[in-house]
Amino acid sequence: MAFSASPSLSSLASSTAAIAAATPSPSRCPTSNPFPDPKPLHLSVKLFFPLPKLRRLSCPGPQVPRVATGDGSGAGNHGNGSGGNGGKDGDGNDDDGSGEDYEEADFGPLLGFSEVLRLAAARGVALPGDMMEAAKDVGIREVLLVRYFDLQAGPWPLSAMIRAFSALRNRMLADPSFLFKVGTEVVIDSCCATLAEVQKRGEDFWSEFELYAADILIGVVVDIALVGMLAPYVRLGKASSSTGLFGRFSRMAGALPSSVFEAERPGCRFTFQQRIGTYFYKGVLYGSVGFVCGIIGQGICNMIMTAKRSVKKSDEDIPVPPLIKSAALWGVFLAVSSNTRYQIINGLERVVEASPVAKGVPPVAMAFTVGVRFANNIYGGMQFIDWARWSGVQ
């Protein structure tokens with residue numbers, strides 16, 4: 001031990017006291033007693049010095065792109081300012097570094113500009129301008145870059161659409177099953193609408209085919225909007241620094257998740273208040289889409305019905321539905337009923353997709369998507385009929 005090689009405290013004190021007694025002090029003159037009694041020497045010997053507290057070393061890498069697979073939308077900063085709402089402690093730093101470990105395990109390392117260029121050249125893919133800017137400014141997560149390469153290697157229509165439409169690209173990067181969900185919604189809704197139209201119109205189905213076609217077309221537009229507006233998407237680059245009204249609103253909307261139950265991803269951290277705000281914000285968007293599509297769809301139907309009746313009238317003709325009232329009904333229905341149902345569906349799909357069973361067997365999540373969206377379409381159609389009757393539109 002370290003004590004065995006050092007003199008004892010008592011011997012050290014005795015020897016020190018003897019030396020001090022024999023040595024006169026230059027700053028004090030002797031008094032009548034030429035040899036004053038030595039004062040006791042108080043020693044304080046610390047054998048160990050306090051060691052500094054060990055801290056985890058972390059090397060901040062390049063900033064994470066506003067990724068998340070957003071807006072959902074995270075406008076704050078996570079870690080080193082990567083575009084989220086911050087970490088659990090409010091300033092974007094997790095004390096134990098577990099947040100960064102989780103992100104790297106799930107989304108891969110953050111690649112710098114030179115590494116992104118090297119991988120793109122190796123795959124023979126030209127990156128779009130916004131991705132190049134994001135790589136220069138903050139970097140790109142490896143998994144997102146690999147997904148983009150895979151999308152570009154896909155069939156021609158998809159690869160061309162990915163290059164042309166950044167909104168589609170960002171949603172596909174965040175959720176590779178996005179197009180499957182859109183297709184599922186469109187097919188189920190169109191099939192259910194077709195069966196209902198055939199049953200309702202009966203023998204007049206082909207003579208009123210244009211009405212059916214208008215309904216289906218508007219339905220497809222609504223389905224794409226319903227799924228697309230709640231789908232998570234990747235946010236690349238930095239938030240707008242504009243101080244104008246539009247810039248402030250854009251930052252506020254960009255800080256919201258795309259749906260109430262959107263999962264947190266690198267660069268996107270959402271508070272409870274933001275998730276509640278998303279419900280009302282998406283309700284306004286849904287209501288606007290419903291009102292506009294109601295004006296267009298019901299307007300087309302009303303024009304066709306009026307044109308036919310100007311040629312041939314019948315006592316069995318039903319009254320032409322009021323245009324504005326019908327559009328308002330569609331707006332309110334989508335803002336309240338559809339918004340609530342699709343928010344819940346997104347949350348359920350997130351739970352299933354994150355389960356070990358779905359990760360091991362991906363068709364499980366796909367089958368769940370088909371089943372839950374089919375049930376939602378049946379229930380939503382029945383509910384709309386009730387709403388239309390209560391409002392007097394039908």
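Among all heavy-atom pairs drawn from N346 and A231, the shortest one is ND2-N, 4.5 Å. Between G299 and L323, the shortest heavy-atom distance links the atoms N-CD1, 3.5 Å. Smallest separation of non-hydrogen atoms from P321 and S326: CB-OG, 3.8 Å. Taking both residues in full, the closest heavy atoms of Q152 and V125 are given as CG-CG1, 3.9 Å, listed atom of the first, atom of the second, then distance. Between P257 and T278, the shortest heavy-atom distance links the atoms CD-OG1, 3.0 Å. The minimum heavy-atom distance linking V352 with A365 is given by the pair CG1-CA, 4.1 Å.
Side-chain N/O atoms of T369 and E349 include a donor and acceptor closer than 3.5 Å. Under 3.5 Å, the side chains of Q274 and Y281 contain no donor-acceptor pair of N or O atoms. S337 and R341 share a donor-acceptor pair across their side chains, judged by distance under 3.5 Å alone. Remark: the Y279 side chain and the T340 side chain contain an N/O donor-acceptor pair separated by less than 3.5 Å.
A donor-acceptor pair under 3.5 Å is absent between the side-chain atoms of Y286 and the main chain of V336, judged by distance alone. Checking side-chain atoms of N170 against main-chain N and O of S166 turns up a donor-acceptor pair under 3.5 Å. Using a distance-only test at 3.5 Å, with no hydrogens or angles considered, a donor-acceptor pair links the side chain of Q343 to the main chain of V260.
Between D189 atom CG and I224 atom CD1 the span is 11.0 Å, to the nearest 0.5 Å. S259 contributes atom OG, which lies 12.0 Å from atom CD1 of I344 (distance to the nearest 0.5 angstrom). Rounding to the nearest 0.5 angstrom, the gap separating the CE atom in M161 from the CH2 atom in W156 is 9.5 Å. The CZ atom of F149 sits 11.0 Å away from atom CG of L144, with the distance rounded to the nearest 0.5 Å. Atom CZ in R373 sits 14.5 Å away from atom CD1 in I378 (nearest 0.5 Å). Between the OG atom in S391 and the CG atom in D386 there is a gap of 10.5 Å [rounded to 0.5 Å].
Separation of the F384 and W387 ring centroids does not fall under the 6.0 Å cut-off.
For V198, the side-chain contact (heavy atoms from CB on, under 4.5 Å) partners are T194, F205, not counting sequence neighbours.
Sorted by first and then second residue, the pairs that involve residues 153-173 and meet salt bridge (charged side-chain N to carboxylate O under 4.0 Å, His left out), not counting sequence neighbours, are D130-R169. For residues 215-233, the set of pairs meeting the salt bridge (charged side-chain N to carboxylate O under 4.0 Å, His left out) definition, not counting sequence neighbours, comprises R201-D215.
Taking the side chain as every heavy atom from C-beta outward, V220 and S190 approach each other to under 4.5 Å. Using a 4.5 Å heavy-atom cutoff, the side chains of L230 and K282 are in contact. F261 has its side chain out of reach of V351: every pair of non-hydrogen atoms, C-beta onward, lies at least 4.5 Å apart. Counting heavy atoms from C-beta on, the side chains of L111 and L145 come closer than 4.5 Å. Residues L117 and M132 meet the side-chain proximity criterion, which asks for heavy atoms closer than 4.5 Å. You'll find the side chain of W330 stays beyond 4.5 Å of the side chain of I295, heavy atoms only. Looking only at side-chain heavy atoms (C-beta outward), T184 and I188 come within less than 4.5 Å of each other. The closest side-chain heavy-atom distance from M366 to S177 is not below 4.5 Å.
In the hydrophobic clustering of ILVMFWY residues, with side-chain heavy atoms under 4.5 Å counting as a link, F178 and F165 come out together. Both I296 and I304 belong to a single network of hydrophobic side chains, linked directly or stepwise wherever heavy atoms of I, L, V, M, F, W or Y lie under 4.5 Å apart. Cluster annotation: V289 is connected to L285 through the hydrophobic network of ILVMFWY side chains, with a link wherever side-chain heavy atoms come within less than 4.5 Å.
Ion pairing of R350 with E264 is absent here, as no side-chain N (NZ or NE/NH1/NH2) approaches a carboxylate O to less than 4.0 Å.
Atom OH of Y379 sits in a sparse spot, with 12 or fewer heavy atoms from other residues, nucleotides or ligands closer than 6.0 Å.
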Should D175 and K181 be marked as a salt bridge (charged side-chain N to carboxylate O under 4.0 Å, His left out) after you check the CA-CA gap, both sets of side-chain angles, and the distance that decides it? CA-CA 10 Å; D175 183 7; K181 294 175 181 178; 2.9 Å; yes
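When each of L168, V146, I140, V234 is paired with L173, the side-chain contact (heavy atoms from CB on, under 4.5 Å) condition holds for V234 and for no other.
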